[in-house]
Enquirer: 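Attaching a single structure in structure tokens format; questions to follow.
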There are 2 protein chains.
Amino acid sequence: MLSLHQLRCFLATYEHGSLTAAAEELGYAQPSVSEQVRALEKTLGVPLFRRVGRGVVPTTLADTLRPYAEQAIAASEEARRAVQSAVSLESGTIRFGMFGAARLYAGAQIVADVLERYPGVRVELIGQHSNEVQEQLRRGHLEAAMIAATSVESEGMTVIPVARDELVYISADPSRLTTPVTAARLAKASLIMPETTWRNSDSVRILLRRFLHEAGHNPQTRIEVEEAEISVDLVGRGLGDSVIPRAAAEQLIPRLAPNVDWVSLRPKQYDVMAIVHRRGAVLSPAAQVLIEIATKHIQSVAEPI
Amino acid sequence: MLSLHQLRCFLATYEHGSLTAAAEELGYAQPSVSEQVRALEKTLGVPLFRRVGRGVVPTTLADTLRPYAEQAIAASEEARRAVQSAVSLESGTIRFGMFGAARLYAGAQIVADVLERYPGVRVELIGQHSNEVQEQLRRGHLEAAMIAATSVESEGMTVIPVARDELVYISADPSRLTTPVTAARLAKASLIMPETTWRNSDSVRILLRRFLHEAGHNPQTRIEVEEAEISVDLVGRGLGDSVIPRAAAEQLIPRLAPNVDWVSLRPKQYDVMAIVHRRGAVLSPAAQVLIEIATKHIQSVAEPI
DNA sequence: CGAAAGCATAGGAACCTCCTTGGGAAACCT
DNA sequence: AGGTTTCCCAAGGAGGTTCCTATGCTTTCG
């Protein structure tokens with residue numbers, strides 16, 4: 001089988017017209033280079049050099065081989081270089097999981113920050129929802145992620161809480177916002193909830209279910225939609241109320257439904273955001289950078305833990 | 001050190017997302033591929049796959065590496081292919097030595113014939129003079145050549161005579177061409193001789209010197225020029241006479257000096273053309289092809305042996 | 001003709017490659 | 001939930017490769 005080592009020896013010999021000189025350049029003894037070249041000639045089945053008195057002379061077949069050999073060597077060296085520069089974050093891709101709400105909070109700003117610090121990299125923020133992200137983590141397609149920790153069955157995962165965000169009750173009807181909403185009142189409300197696909201494992205849903213169960217009530221939603229933006233929009237149209245993280249409320253309400261306002265639950269409920277990665281994993285520099293930046297931003301819009 | 005083998009294992013693993021599948025494709029046991037990949041990771045100093053439960057998942061560094069690995073592999077395969085096609089004369093270069101006069105006889109026709117039979121090849125006809133060609137042979141820069149055998153000290157060389165060509169006396173004065181020219185007459189003639197640089201080792205000179213010496217005369221040349229064409233031209237202008245191979249005379253006189261004619265020497269003298277190569281050398285297909293074609297053409301203009 | 005240069009060969013030590021076997025973890029299947 | 005399968009890693013050993021030193025042979029050069 002053809003090997004780079006053989007090609008290296010061939011090229012050195014070709015350039016020097018001498019096995020001895022090639023060996024010296026490569027830091028080997030002369031018979032070693034001789035052996036490699038002979039092996040190459042054998043695998044190709046053709047003579048590459050004529051052994052002629054003092055020295056060796058390339059055949060025309062060697063002339064034919066040379067450019068390809070050079071290309072192979074060059075590609076292998078390029079490979080080394082490219083990987084090194086990627087590992088030092090001069091290039092390459094940083095891939096990081098992030099659930100929908102967190103992206104809403106700070107996604108664009110995080111990408112901008114990373115690109116400012118590492119102009120050569122490509123950034124991928126992956127995943128729509130915490131559970132989806134978690135699945136990718138579990139499968140190893142992601143190294144680390146920022147997720148809503150409440151929804152995590154954390155087996156095999158290391159979870160590092162970073163910030164918490166209060167869940168607030170939003171409504172277009174000011175009369176429902178005069179006092180904090182209790183479980184009893186929430187159970188009677190007509191709710192519009194997002195994240196339909198993840199109905200049973202969405203962290204906000206889990207929190208609400210627990211909140212209601214503890215007071216002996218059952219959750220009940222009137223309208224299910226996929227996007228948080230749409231549920232806020234619908235609340236603005238007076239079709240129902242909703243419960244969403246406070247940072248999401250502050251971001252979405254002014255934009256989508258200025259007539260909507262919010263009030264706390266009683267007792268207050270918190271969605272916890274956390275960094276998550278496989279237990280025992282050694283994080284790449286890329287992942288560490290993104291964790292650092294994402295944490296900083298999340299903590300600037302939500303409450304640090 | 002990076003090796004093609006490692007890259008091959010890496011690529012197979014990358015494509016299958018599995019060491020086992022890669023091993024199967026490559027025809028190895030799984031631990032072997034595993035070892036190669038680990039060695040590659042070690043030499044690069046970076047992780048290329050995350051080992052995650054069942055299967056492995058490429059890291060972004062693997063994504064970075066892949067195109068370079070593919071390029072290196074591709075170049076090595078191209079190398080193989082290129083050499084094979086060159087050895088089968090589908091491509092590559094045929095290099096062949098040929099002394100000036102022989103090129104004059106049939107050079108262009110030989111090149112045309114080779115190209116017709118092997119459209120992909122490049123042809124190099126090398127060398128101005130038999131001695132120069134012979135030197136290149138000795139140094140191994142040429143595999144084989146067609147030379148004027150008279151001038152060869154053939155030690156270490158295999159010489160295969162192919163054709164002989166009579167040396168003829170040419171003149172613009174018809175009165176000197178009525179009878180064959182003897183050594184006595186030649187000694188008195190005013191001669192224009194080509195191949196100045198090779199004065200002492202040119203085969204025609206050697207033949208003439210021997211021809212004259214045997215009759216007790218000394219050679220004497222009036223004008224020395226480099227090119228056979230020029231000497232014929234000068235003979236046409238009546239500045240002297242010359243002795244050149246008959247085939248050269250037939251080719252050059254109509255073109256350069258129609259008023260010139262020729263006559264034999266007495267006794268007739270012959271320049272011998274031969275194929276020459278290093279003793280014991282195994283000739284490449286390319287060289288064999290050129291020998292065959294050149295021989296055919298030389299024998300069509302000169303007298304076969 | 002002797003000296004120097006340069007390739008080939010030989011033999012042995014170190015290393016690499018590949019295999020088989022066995023173990024453990026994750027995923028899949030009742 | 002428990003058993004089975006899948007897939008990876010680890011270990012150990014056989015066989016091959018690589019690389020060295022030493023030596024011999026041929027060519028070249030003074």
Enquirer: Is any NZ, NE, NH1 or NH2 atom of the basic residue among E35(B) and R38(B) found under 4.0 Å from an Asp or Glu carboxylate oxygen of the other?
Expert: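 No, no charged N to carboxylate O under 4.0 Å.
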Enquirer: Could you tell me, to 10°, how much the axis swings from one end of the helix from dC1(C)-dG30(D) to dT30(C)-dA1(D) to the other, five pairs per end?
Expert: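 So the angle between the two local helix axes works out to 30°.
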Enquirer: Whole angstrom is fine here: how far is it from NZ in K42(A) over to P in dT18(D)?
Expert: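 Rounding to the nearest Å, NZ of K42(A) and P of dT18(D) are 11 Å apart.
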Enquirer: Would you say L65(A) and L40(A) make side-chain contact, with heavy atoms under 4.5 Å?
Expert: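 Of all side-chain heavy-atom pairs linking L40(A) with L65(A), at least one is under 4.5 Å.
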Enquirer: Are OP1 or OP2 of dT26(D) and a side-chain N or O of R51(A) less than 4.0 angstrom apart?
Expert: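 No, because none of the side-chain N or O atoms of R51(A) sits under 4.0 Å from OP1 or OP2 of dT26(D).
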Enquirer: Over all strands shown, is E35(A) touching base, sugar-phosphate only, or nothing at heavy-atom distances under 4.0 angstrom?
Expert: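 Result for E35(A) = base.
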Enquirer: Measure from the side-chain heavy atoms of Q36(A) and tell me the nearest of dC19(D), dC7(C), dC8(D).
Expert: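 Between dC19(D), dC7(C), dC8(D), the one nearest the side chain of Q36(A) would be dC19(D).
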Enquirer: Write out all pairs satisfying salt bridge (Lys or Arg N to Asp or Glu O under 4.0 Å) with one or both partners inside residues 13-34 of chain A, taking only residues at least two apart or from two chains.
Expert: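 Those involving residues 13-34 of chain A do not exist here.
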Enquirer: Quickly work out the M1(A) CE to dG16(D) P distance and round it to whole Å.
Expert: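 Nearest whole value for this atom pair: 19 Å.
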Enquirer: I want to check one thing: is the phosphate of dC16(C), taken as OP1 and OP2, less than 4.0 Å away from some side-chain N or O of H5(B)?
Expert: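 For dC16(C), neither OP1 nor OP2 has a side-chain N or O of H5(B) closer than 4.0 Å.
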Enquirer: Between dC8(D) atom P and L48(B) atom CG, what is the distance in whole Å?
Expert: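 Between P of dC8(D) and CG of L48(B): 15 Å.
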Enquirer: Please give me every residue in residues 24-33 of chain A whose heavy atoms get under 4.0 Å of an atom in DNA chain D, ordered by residue number.
Expert: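 Result for residues 24-33 of chain A: G27(A), Y28(A), A29(A), P31(A), S32(A), sorted by number.
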Enquirer: CZ of F49(A) versus C1' of dA8(C): gap in Å, rounded?
Expert: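 Going from F49(A) (CZ) to dA8(C) (C1'), I get 16 Å.
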Enquirer: Would you mind reading off the distance between R50(A) atom CZ and dT27(D) atom P, rounded to a whole angstrom?
Expert: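 Going from R50(A) (CZ) to dT27(D) (P), I get 16 Å.
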Enquirer: Below 4.5 Å, heavy atoms only, C-beta onward: do T43(A) and Q6(A) meet side chain to side chain?
Expert: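 T43(A) vs Q6(A): side chains touch.
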Enquirer: Using OP1 and OP2 only, check whether a side-chain N or O of S34(B) sits under 4.0 Å from dC8(D).
Expert: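 Result: no.
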Enquirer: What is the distance, rounded to the nearest whole Å, between atom CD of E41(A) and atom P of dC7(C)?
Expert: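 Atom CD in E41(A) sits about 13 Å away from atom P in dC7(C).
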Enquirer: With a 4.5 Å limit on heavy-atom distance, are the side chains of F49(B) and V57(B) in contact?
Expert: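 Result no, sub-4.5 Å side-chain heavy-atom pair not found.
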Enquirer: Between E41(A) and R51(A) (salt bridge meaning N to carboxylate O under 4.0 Å), is one present in this structure?
Expert: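 Looking at R51(A) together with E41(A), the answer is yes, because their closest N to O distance falls below 4.0 Å.
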Enquirer: With heavy-atom distances below 4.5 Å as the criterion, would you say the side chains of R8(B) and I73(B) are in contact?
Expert: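 Yes, at least one pair of side-chain atoms sits under 4.5 Å.
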Enquirer: Regarding R80(A) and E77(A), does a basic nitrogen lie under 4.0 Å from an acidic carboxylate oxygen?
Expert: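 No, R80(A) and E77(A) are not salt-bridged.
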Enquirer: State whether T20(A) places a side-chain N or O below 4.0 Å from either non-bridging phosphate oxygen (OP1 or OP2) of dA5(C).
Expert: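 No.
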Enquirer: Roughly, in whole Å, what's the span from CD in Q6(A) to C1' in dT18(D)?
Expert: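 It is 11 Å, rounded to the nearest whole Å.
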Enquirer: Take H5(B) and Y28(B), measure what ring-ring contact (aromatic ring centres under 6.0 Å, His included) needs, and give me the verdict at the end.
Expert: CA-CA 12 Å; H5(B) 189 194; Y28(B) 294 127; 5.5 Å; yes
